[in-house]
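Worth saying up front: this structure is predicted, and the values here are computed from it rather than measured.
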Amino acid sequence: MRIKIFIRTFTSVEDAEMFNSVLHTKWSILIKGIKGARFRLVVDKDKPHQSTVVWEFENEKIQKDIEKIIAEEIVRFTKALPNKEIHFQGEVELDFTST
């Protein structure tokens, strides 16, 4: 499994909320029919000007397919709402579940 995390810090809470509302409305439609990808939006109430997205991909091909959608669809919203982006990606090496 591959993970990619996008952390975006916006100049205002309103910009972050506007971007997150786009994610709420667009992603379910954009990934409909694509199997092997999981999208999670994480919002920290102590940092409401940030938006964190965690993607999980079954393999690199699915990741590339999703990244193509990001480049075509979501990038225009990040250009309209100035933000600082940090990305992290990698293969899952350990995965524990508490019992």
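To the nearest 0.5 Å, the span separating CD1 on I7 from CG on D44 amounts to 10.5 Å. For the atom pair CG (N59) and CG (D65), the distance works out to 8.5 Å, reported to the nearest 0.5 Å. Taking CD1 of I31 as the start and CD1 of I62 as the end, the distance is 11.0 Å to the nearest 0.5 Å. We find the CE-CZ distance between M18 and F10 to be 10.0 Å, quoted to the nearest 0.5 Å. A distance of 12.5 Å separates CZ in F88 from CD1 in I86, rounded to the nearest 0.5 Å.
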Is there a ring-ring contact (aromatic ring centres under 6.0 Å, His included) between H87 and F6 once you walk through the steps? CA-CA 5 Å; H87 301 159; F6 292 85; 4.5 Å; yes
Assess whether side chain to side chain contact (heavy atoms under 4.5 Å, CB included) is satisfied between T11 and H49, documenting all intermediate values. CA-CA 7 Å; T11 55; H49 61 291; over 6 Å; no
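Linking ILVMFWY residues whenever their side-chain heavy atoms come closer than 4.5 Å, directly or via other members, places I34 and F39 in the same cluster. Both I70 and F19 belong to a single network of hydrophobic side chains, linked directly or stepwise wherever heavy atoms of I, L, V, M, F, W or Y lie under 4.5 Å apart.
Ring orientation note: the planes of W55 and W27 are nearly perpendicular, at an angle over 60° on the 30°/60° scale.
K4 has its side chain within reach of F57: a pair of non-hydrogen atoms, C-beta onward, lies under 4.5 Å apart. With contacts defined as side-chain heavy-atom distances shorter than 4.5 Å, the pair V53/V42 does not qualify. With a 4.5 Å cut-off on side-chain heavy atoms, Q63 and K61 do not count as touching. With contacts defined as side-chain heavy-atom distances shorter than 4.5 Å, the pair N83/D15 does not qualify. Inter-residue side-chain proximity for L41 and T52 is flagged as unmet; no heavy-atom pair is nearer than 4.5 Å. By the 4.5 Å heavy-atom criterion applied to side chains, S51 and L23 are counted as neighbours. With contacts defined as side-chain heavy-atom distances shorter than 4.5 Å, the pair Q89/E67 qualifies. Using a 4.5 Å heavy-atom cutoff, the side chains of K26 and E73 are in contact.
Of all the heavy atoms in I29 and T25, the pair that sits closest is CD1-O, 3.4 Å. The shortest non-hydrogen separation linking A16 to P48 is CB-O, 3.4 Å.
Salt bridge annotation for E56-R2: absent, with no cationic side-chain nitrogen under 4.0 angstrom from a carboxylate oxygen.
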